[in-house]
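Everything below concerns the one structure shown next.
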Amino acid sequence: MSLTLSLHTLPDVPIEADVICTDKLNNVNEAALSALTIFHGKEQVMLGDFFKVQGKYDGEIRIEGDLSRIKHLGAGMSGGRIIISGNVGAHLGAGMSGGEIIVEGNAGDWIASEMIGGRVIVKGNAGHMVGGAYRGSPVGMQGGEIIIHGNARNETGNAMRHGLIVVGGNSEDFTGVSMLAGTIIVLGEMGIRSGAGMKRAPSFPCIRQKCFRHSPMLAPIILLMCESISHILKSTDYKLMMHS
Amino acid sequence: MKINSTEIIDTFAEAFKMYGSRAIITAETKQWAMAAAQSMTGFATSVIGCKCEAGIEQELPADKTLDKRPGVSVLLFAMDIEGIGKRLMERIGQCVMTCPTTACYNGLTSDNTVAVGGQLRYFGDGYQISKVLGNHHLWRIPVMDGEFLVEESFGVQDAVGGGNLLILGKDQKTTLRAANAATKAMREIPGIILPFPNGVVRSGSKIGSKYKSLIASTNDAYCPTLRGAAATSLVPSTSNCVLEIVIDGLNIDAVEEAMRVGMQAAAKPGIKQITAGNYGGNLGQFHLHLHKIINSN
């Protein structure tokens, strides 16, 4: 049986729960799990104060409830899988290097910020700074894949260096701002100033839906990107109307 | 042993260890992909004179290629890994990159790899762009029709070169027809190529020559015009034409299977014997016994 965490008490202020991470829960029993320390605002509390813990970690963690005020879930993880049945808060999978996080609902800001590897799939919408660099940090996402089925907000892929971000819907302003390399595919519309401050201007890799049909000059790479994302999206049950 | 009225000689083909690689060429249309593939596999019949042996393995429909465009897979063989790298770079650079709309991908997963796109990228003169998608590391090289997309490195694996069949028929026309039937059947086998023109070679060679500067010379034992003149002739009086089919493959099983279907297809009326070339068994690592291959089915 996989580990299931169910939120039983809605927090008043955001909870910082970076202990809920696949790398930190190996061989930990239910009692010990419930006793793990999390921060509720500035106060230290126990995981069990907010979550009902069932089962033992076997490579997969399922988290249930409205987690929109739970931050740092899966931050720094290097393997395994986290499945989140509802919405989730900021910094999901920040700095992760491997494994997979699947969010059935919407995700907050800064998801997979400065990610190195692994995959994050959000079936709803995502907030600002998807895969972005923290303020003051020169490099954002350095590897892995972020797939947003819905929309993403500002500064998606800020200072990206490597990896793939796919937005099924629209992205807002400053998509790919200060980007060095990597791939961002937006199937809907992008806001203003996409790619501002990019280092490799001719490589502008933010591709809008229209380009899929109207860029014979770049046919192989665009087709390859289509294939690459359709392969990923297929594995997540996402029905994509790429050429409609 | 006989297939129909054709005698299968109890001998073996002597094949050699080579190294093999696979390039997948795609293009806007099947014709352009084929044009690049034919150019890339030109002058690649024998490793002795051409430094490599290469051929078209098969056509690939659009749904079987990485970028969902029509494609052609090409196999290239050489005597060492370094040689594969050099030949791939030269041939992809000169024959594929130059061909409109093409892209070129690695078609072989192996621990041993050689840099191809990693070298060709410098043609981009600083405008080249690296792109990693999934397990593929690609280079986007700007060219006059858009971009040439080429994989950073290509896999190299142990392979088998020099599998062969000799078809002895009553005359040229009959033997040519049998050789054609054989090559047609053999091309259906994945993992092999027939490097000679249209898969057939008529100037089989033996090792050595009366001239000191030559390492190989005509295989006089199989020249019908030398039946009375050569020290040893292996052409029976009923045969007046000998054609050879050379097979290179990514593994021994594919080469044997190709030889098996080739023998079955070539054994037509008027074909007196099917045999194979060897050097007494001391040179090649692989001995492909014709009777064993037929019985293995």
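The sequence lines fix the lettering, A, B, ..., with proteins before strands; numbering per chain opens at 1.
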>> Could you measure the distance from the CG atom of A/L224 to the NE2 atom of B/H136? Nearest 0.5 Å is fine.
In response: 7.0 Å
> Which region of B/F148, side chain (C-beta onward) or backbone (N, CA, C, O), has a non-hydrogen atom less than 4.5 Å from a non-hydrogen atom of chain A, or is it both or neither?
Replying inline: neither
> CG/B/L133 to CG/A/L164 distance, rounded to the nearest 0.5 angstrom?
Replying inline: 6.5 Å
> Around atom CZ of B/F123, are there more than 12 heavy atoms of other residues, nucleotides or ligands at under 6.0 Å?
Replying inline: no
>> Taking NZ in B/K68 as the centre, count heavy atoms belonging to other residues, nucleotides or ligands within less than 6.0 Å. Is the count above 12?
In response: yes
>> Does B/Q285, at its CD atom, have more than 12 non-hydrogen atoms belonging to other residues, nucleotides or ligands within less than 6.0 Å?
In response: yes
> Below 4.5 Å, heavy atoms only, C-beta onward: do B/E147 and A/P220 meet side chain to side chain?
Replying inline: no
> Is it the backbone or the side chain of B/L149 that comes under 4.5 Å from a heavy atom of chain A, or both, or neither?
Replying inline: side chain
> So with a 6.0 Å cut-off around NZ of A/K24, is the heavy-atom count from everything else above 12?
Replying inline: yes
>> Would you say CG of B/D63 has more than 12 non-hydrogen atoms from neighbouring residues, nucleotides or ligands within 6.0 angstrom?
In response: yes
